[in-house]
Amino acid sequence: MINKKIKKILLKKNRSKIISLTAYSKNIAKILDNYCDIVLVGDSLANVLYGYKDTHKISLNNIIQHSTSVRKGIKKSLLVVDMPKNTYKDIKSAKKNARLVINKTGCDAIKLESNQKNHKIIKSLVKHKIPVMGHIGYTPQFKKKFKIEGQTESQIKELYKDAELIQNAGAFAIVLECLSPKAAKLITSNLKIPTIGIGSSDNCDGQILVTDDMLGLSGFYPKFVKKYVSMDRIIEKAVKKYSKDVKLGKFPSSKNFLNGPKRR
Ligand code: KIV
């Protein structure tokens with residue numbers, strides 16, 4: 001039986017845009033849950049939170065821990081968790097690790113970066129009732145150098161073939177990362193499953209961004225990111241004020257002395 005939340009996502013194709021963002025912790029997830037159809041615990045947490053130069057060092061335990069926190073903030077959106085690099089190299093390990101992620105975190109689905117070789121893995125996971133979201137284009141687990149994918153007719157053909165294989169393997173949706181508008185359009189208009197774009201124009205059924213990027217916290221603002229707020233400046237202002245208050249003896253004041261109600 002298909003998960004109700006996944007069914008809702010599928011029904012959005014050609015009707016309304018699918019809204020997605022990433023989260024790595026409960027407090028952010030709780031805010032996103034009111035506005036997002038999909039919340040992704042992305043392995044981008046490697047760069048964004050842990051400060052690694054790529055996504056490769058994130059372990060299954062890291063992702064499980066963050067997803068467990070995110071789960072606590074989510075009531076209505078679909079929670080998707082990224083499988084870290086090297087955790088789905090073959091059918092056996094993919095099944096074992098995906099089951100572990102689902103059982104430990106209570107997420108609704110997993111995402112894996114697709115290459116021309118892992119369609120069989122997707123097929124097997126789906127056969128074993130593990131919902132899978134695919135991911136093509138710029139896939140940082142497999143590609144060293146960033147480039148816009150699908151710039152020539154033959155590259156577009158390859159990407160389309162790949163997307164179709166992922167759909168046929170049973171994935172319920174597919175992330176298109178940094179694809180040319182032409183490639184995104186061809187794939188989105190021909191696939192039955194929804195496409196979620198990042199840096200792939202508006203020719204997609206939905207959009208995803210890394211939350212820390214759009215909040216102005218990560219310091220990573222390529223052209224495809226729209227910075228909606230400069231949270232770094234807002235936080236700095238508050239921290240500066242706190243520091244000043246403590247130095248001047250303005251905090252804590254009698255209002256903050258512990259004789260009142262308990263903390264949450
Ligand atoms: O890891 C991540 O955050 C992702 C998104 C960029 C789609 O895969």
Side-chain angles (χ1 to χ4, degrees), residues 2-3 5-14 18 20 37-38 40-44 55 78-95 97-99 101-102 107-143 147-150 154-201 203-208:
I2 190 160
N3 176 320
K5 288 181 181 176
I6 293 181
K7 209 168 168 183
K8 236 171 104 182
I9 304 284
L10 294 174
L11 285 172
K12 287 198 165 221
K13 175 117 192 161
N14 299 324
I18 298 163
S20 327
D37 300 299
I38 299 173
L40 170 73
V41 183
D43 64 353
S44 53
T55 55
L78 186 84
L79 176 58
V80 181
V81 172
D82 240 347
M83 295 295 289
K85 187 176 169 74
N86 294 330
T87 63
Y88 53 96
K89 270 181 161 171
D90 52 66
I91 291 179
K92 199 171 161 209
S93 67
K95 240 178 1 194
N97 291 329
R99 277 213 180 108
V101 168
I102 291 183
C107 69
D108 301 294
I110 56 106
K111 171 167 89 60
L112 50 81
E113 290 185 11
S114 323
N115 58 37
Q116 300 255 338
K117 292 180 220 128
N118 64 18
H119 307 126
K120 280 198 183 130
I121 292 176
I122 298 179
K123 199 168 179 177
S124 172
L125 292 176
V126 174
K127 200 176 119 202
H128 287 89
K129 303 201 179 341
I130 297 171
V132 178
M133 181 184 245
H135 182 165
I136 62 166
Y138 178 62
T139 46
Q141 291 183 13
F142 299 113
K143 292 177 185 170
K147 72 171 170 57
I148 297 167
E149 308 263 336
S154 69
Q155 286 168 0
I156 292 175
K157 235 176 163 177
E158 277 305 297
L159 282 164
Y160 178 66
K161 208 168 90 189
D162 207 12
E164 215 180 16
L165 282 166
I166 291 164
Q167 168 177 272
N168 295 344
F172 70 89
I174 181 165
V175 169
L176 308 182
E177 183 160 356
C178 297
L179 258 60
S180 67
K182 201 170 170 188
K185 191 171 183 176
L186 179 80
I187 294 170
T188 302
S189 54
N190 283 287
L191 250 54
K192 291 189 195 83
I193 58 170
T195 60
I196 317 289
I198 175 162
S200 299
S201 82
N203 293 335
C204 303
D205 297 304
Q207 295 293 327
I208 185 162

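The analysis underlying the following values was restricted to heavy atoms, covering all of them including side chains, and did not include hydrogens, waters or symmetry mates.
Checking side-chain atoms of Glu177 against main-chain N and O of Ser200 turns up no donor-acceptor pair under 3.5 Å. Judged by distance alone, the side chain of Asp90 and the main-chain N or O of Ser93 form a donor-acceptor pair under 3.5 Å.
Between atom CD1 of residue Ile38 and atom CD of residue Gln207 there is a gap of 11.5 Å, rounded to the nearest 0.5 Å. Rounding to the nearest 0.5 Å gives a distance of 12.0 Å between CD1 of Ile122 and CD1 of Ile130. If you take CD1 on Ile174 and CD1 on Ile136, they are separated by 4.0 Å, rounding to the nearest 0.5 Å. Put simply, CD1 on Ile208 and CG on Leu40 are 4.5 Å apart, with the number rounded to the nearest 0.5 Å.
Note on residues 181-193: pairs passing salt bridge (charged side-chain N to carboxylate O under 4.0 Å, His left out), not counting sequence neighbours, are Glu153-Lys182. Applying the salt bridge (charged side-chain N to carboxylate O under 4.0 Å, His left out) test to residues at least two apart or on different chains, the pairs with a partner in residues 155-165 are Glu158-Lys161.
For Ile148, the CD1 atom counts as loosely surrounded, since its 6.0 Å shell holds 12 or fewer non-hydrogen atoms of other residues, nucleotides or ligands. Counting heavy-atom neighbours within 6.0 Å of Lys123 NZ, excluding the residue itself, gives a total of 12 or less.
Taking the charged nitrogens against the carboxylate oxygens, Lys12 and Asp205 have no contact shorter than 4.0 Å, which rules out a salt bridge.
Legend: residues meeting side chain to side chain donor-acceptor pair (under 3.5 Å) with Glu113, ordered by chain and number and at least two apart, are absent. Every side chain to side chain donor-acceptor pair (under 3.5 Å) that Gln141 has, sequence neighbours left out, goes to Asp43, Tyr88. The side chain to side chain donor-acceptor pair (under 3.5 Å) check on Asn168 picks up nothing, with sequence neighbours excluded. For Lys143, the side chain to side chain donor-acceptor pair (under 3.5 Å) partners at least two apart in sequence or on another chain are Glu149.
For the pair Val41 and Asp82, the minimum side-chain heavy-atom distance is 4.5 Å or more.
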